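Given the structure is predicted, the values throughout are model-derived calculations rather than measurements. Quick note: residue numbers are just sequence positions, from 1.
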Amino acid sequence: DHLVLTAADWRPACTVEQGAWLLHPVRPIRRGRREFSFETTFRGGRHKNRGKYQMTKPLDRAWGYMLGLYLAEGSPTRGYGRKGELNIRGIAWSLDKDEVADKEVRLLGVWPERAPSVYRSNSRTRVLVLHCTGLARWIVREFGRGDTKHVPLWAWDAGTDFCLGLVEG
């Protein structure tokens, strides 16, 4: 379990009793970083126009929401490449059917031309997947996966709108 600072010392969060005072360092939110870039591929046409290029997106409230939802409910999807290697292919969000409507609408608005698609829908869970290898690799590199998920330090330099979206997600 992660450590938290109490009035006495640092201790695992699971050992802190209800009602105990917690202390934490406060980091100011600044507006220094306004966008992020990741490398992706274009697969248009028959072998022409294929290649890698840099895509840049804003660090705004909508992207903060999507990345916050990744931290809470997301995971990378994997698939096999042409040479049989296992690669990260996209990001999947597993959402409960009772709370999916609002979250799905907000996710669809982040990147309309590359909206998440419904991958699986059963009695309680709806899985939305955004297929973009470059973005998925960037998210995993910056935010981690599984037990290593975290908010990167640069997020506090992305402004209050981005941080608000991150918390809302």
Side-chain angles (χ1 to χ4, degrees), residues 1-40 54-78 86-111 114 116 119 124-169:
D1 208 358
H2 65 280
L3 297 176
V4 293
L5 182 59
T6 67
D9 59 0
W10 287 92
R11 61 180 64 176
C14 63
T15 65
V16 177
E17 295 181 22
Q18 185 175 356
W21 284 92
L22 298 179
L23 308 173
H24 60 89
V26 176
R27 182 180 171 134
I29 297 174
R30 297 190 174 96
R31 182 71 175 153
R33 188 170 178 171
R34 298 181 186 276
E35 58 190 23
F36 69 98
S37 296
F38 57 93
E39 187 177 85
T40 191
Q54 286 292 115
M55 182 165 278
T56 302
K57 295 293 179 183
L59 286 169
D60 58 12
R61 190 170 180 174
W63 279 91
Y65 178 81
M66 186 184 84
L67 294 168
L69 195 57
Y70 167 76
L71 289 169
E73 306 285 345
S75 61
T77 62
R78 299 171 154 265
L86 191 59
N87 295 323
I88 294 173
R89 297 287 188 178
I91 298 295
W93 293 271
S94 299
L95 305 171
D96 185 83
K97 74 172 192 169
D98 294 337
E99 52 188 39
V100 73
D102 178 53
K103 292 179 180 180
E104 185 175 357
V105 167
R106 288 189 71 177
L107 279 175
L108 293 173
V110 173
W111 195 5
R114 198 78 179 254
Y119 177 69
R124 291 296 309 167
T125 305
R126 186 171 173 133
V127 178
L128 302 176
V129 179
L130 177 66
H131 297 281
C132 182
T133 302
L135 177 62
R137 288 179 182 165
W138 179 84
I139 290 173
V140 169
R141 186 177 65 244
E142 296 292 327
F143 291 83
R145 69 173 150 197
D147 292 341
T148 66
K149 284 185 184 177
H150 62 280
V151 176
L153 292 177
W154 60 258
W156 309 115
D157 293 330
T160 54
D161 282 345
F162 177 78
C163 291
L164 182 60
L166 203 61
V167 171
E168 288 173 341

Testing the basics here: between [X] and [Y], what is the closest heavy-atom pair and its distance to 0.1 Å?
{"X": "Glu142", "Y": "His150", "result": "O-NE2, 3.2 Å"}
{"X": "Ala155", "Y": "Cys163", "result": "O-SG, 3.3 Å"}
{"X": "Ala72", "Y": "Gly169", "result": "CB-O, 3.9 Å"}
{"X": "Pro76", "Y": "Tyr70", "result": "CD-OH, 3.9 Å"}

Just jot down the salt bridge (charged side-chain N to carboxylate O under 4.0 Å, His left out) partners of Arg61, sequence neighbours excluded, or say none.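 Here the qualifying residues are Glu168.
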
For Arg11, give me all partners under salt bridge (charged side-chain N to carboxylate O under 4.0 Å, His left out), at least two apart in sequence or on another chain.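 Once residues adjacent in sequence are excluded, the partners of Arg11 under the salt bridge (charged side-chain N to carboxylate O under 4.0 Å, His left out) criterion are Asp9.
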
Measuring from atom [atom1] of [X] to atom [atom2] of [Y], what distance do you get when rounded to the nearest 0.5 angstrom?
{"X": "Leu22", "Y": "Thr6", "atom1": "CG", "atom2": "OG1", "answer": "7.5 Å"}
{"X": "Leu69", "Y": "Leu166", "atom1": "CG", "atom2": "CG", "answer": "10.5 Å"}
{"X": "Tyr65", "Y": "Asp60", "atom1": "OH", "atom2": "CG", "answer": "14.0 Å"}

Can you check whether [X] reaches [Y] side chain to side chain, under 4.5 Å on heavy atoms?
{"X": "Thr133", "Y": "Arg89", "result": "yes"}
{"X": "Phe162", "Y": "Ile29", "result": "no"}
{"X": "Lys57", "Y": "Leu135", "result": "no"}
{"X": "Arg145", "Y": "Ile88", "result": "yes"}
{"X": "Phe143", "Y": "Ile91", "result": "no"}
{"X": "Ile139", "Y": "Met66", "result": "yes"}

When you measure from the side chain of Arg31 to the backbone of Ala158, do you find a donor-acceptor pair of N or O atoms at a distance under 3.5 Å?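 Yes, Arg31 side chain to Ala158 backbone: donor-acceptor pair under 3.5 Å.
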
Going through the checks in order, is the ring-ring contact (aromatic ring centres under 6.0 Å, His included) test met by Trp154 and Phe36? CA-CA 11 Å; Trp154 60 258; Phe36 69 98; 7.4 Å; no

